[in-house]
Each structure stands twice: as C-alpha cells, then as structure tokens.
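Everything on this sheet refers to the single structure shown next.
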Amino acid sequence: ALEVARALVAGAANDGEMERKFVKNTDSVTFRTRFEMAKDEWLSPVLWAGAVRTHGPASTALVGTPDEVAAAIDEYIEMGVTQFILSGWPKLEEMTYFSREVVPRVHAMRSVPCA
C-alpha cells in the first residue's frame, strides 16, 4: 500500500505546487495545520501523511497490514469516533479488499458478528 501511495505522490502534477499556493492563501487553520504536520510523513505507526503536501489533508491515510489498520480503527472507535469517511485507489479493488480483510477484523475486535 505504501509503495502505491508513494507512486501516486511521485506522479502528482507540479509536485504539490498547487497545494502550497492554496495553503499560503487560505485562512483555514485546519488546512495550514495539517499541511505543517505533514512535514513528518508518519503521524503514528499507521497514520501516513505523505500525500498531504501534494493531494491535500483528505489524503491522510491508514497504511499497514489488515491487522494494523483494524487495530487503528478500533482505537478511533475507543476514542469515540462513530463515523469514518474511507476511500482508496483503485476504488473498487480497495473497497473489496477492505471489506474482505479489515472489516471482519474490526468486527472481531468489537465482538460484532460480520454479515
């Protein structure tokens, strides 16, 4: 997953120039903070911000094995997060992989039957 993510970043148009201009001109504290935080590629052992500087804050990603990603999602649930916006690329393949490999692990951690 990390190899694919890095390839996506490497292929970014203008090497993130558009993001830098946007952050320079925005009054959004969130965008500026996230852009600054992305100087460190890893925000946690599985939270990767390596694409933020070329693709924006929404590109922050959970990257790891299915067990690592499931454990990270479980931690967010423990903190009180009840909804997630998840995406991947390519979309259909990642959605299928996520539902097959990660969701059952989260359900097992939560003792929730997987349909």
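These figures come from a predicted structure and were not determined experimentally.
Taking all atoms of both residues into account, the shortest heavy-atom contact from R105 to D67 is NE-OD1, 2.6 Å. Considering every non-hydrogen atom in both A49 and A38, the closest pair reads O-CB, 3.7 Å. Across D40 and L43, no two heavy atoms sit closer than the pair O-CD2, 3.7 Å.
No side-chain heavy atom of W42 sits less than 4.5 Å from a side-chain heavy atom of L47. Inter-residue side-chain proximity for Y76 and L62 is flagged as met; some heavy-atom pair is nearer than 4.5 Å. For the pair F35/P57, no side-chain contact is recorded, criterion being any heavy-atom separation below 4.5 Å from C-beta on. Side-chain contact check for E101 versus T96: every heavy-atom pair is 4.5 Å or farther apart. The shortest side-chain heavy-atom distance between P66 and F98 does not fall under the 4.5 Å cut-off. By the 4.5 Å heavy-atom criterion applied to side chains, I73 and V81 are not counted as neighbours.
The main-chain N or O of V23 is never found under 3.5 Å from a side-chain atom of T26 such that the two would form a donor-acceptor pair. Side-chain atoms of N25 come within 3.5 Å of backbone N or O of K21 as a donor-acceptor pair. When atom types are taken as modelled, the side chain of E68 and the backbone of T65 share a donor-acceptor pair closer than 3.5 angstrom. A side-chain donor-acceptor contact under 3.5 Å links S59 to the backbone of V52.
A salt bridge does not link E36 with R32: every distance from a Lys NZ or Arg NE/NH1/NH2 to an Asp or Glu carboxylate oxygen is 4.0 Å or more. Of the charged side-chain nitrogens involved, at least one lies within less than 4.0 Å of a carboxylate oxygen, so that R110 and E78 count as a salt-bridged pair.
Between the OG atom in S87 and the CD atom in E94 there is a gap of 9.5 Å [rounded to 0.5 Å]. If you take OG on S44 and CD on E75, they are separated by 7.5 Å, rounding to the nearest 0.5 Å.
The hydrophobic cluster containing V46 also contains F84, counting ILVMFWY residues as joined when their side-chain heavy atoms lie under 4.5 angstrom apart, directly or transitively. In terms of hydrophobic clustering, with Ile, Leu, Val, Met, Phe, Trp and Tyr side chains grouped at heavy-atom distances under 4.5 Å, M79 and I77 are assigned to a common cluster. Y97 and V106 fall into different hydrophobic clusters, where Ile, Leu, Val, Met, Phe, Trp and Tyr residues are linked whenever their side-chain heavy atoms come under 4.5 Å apart, directly or through other members.
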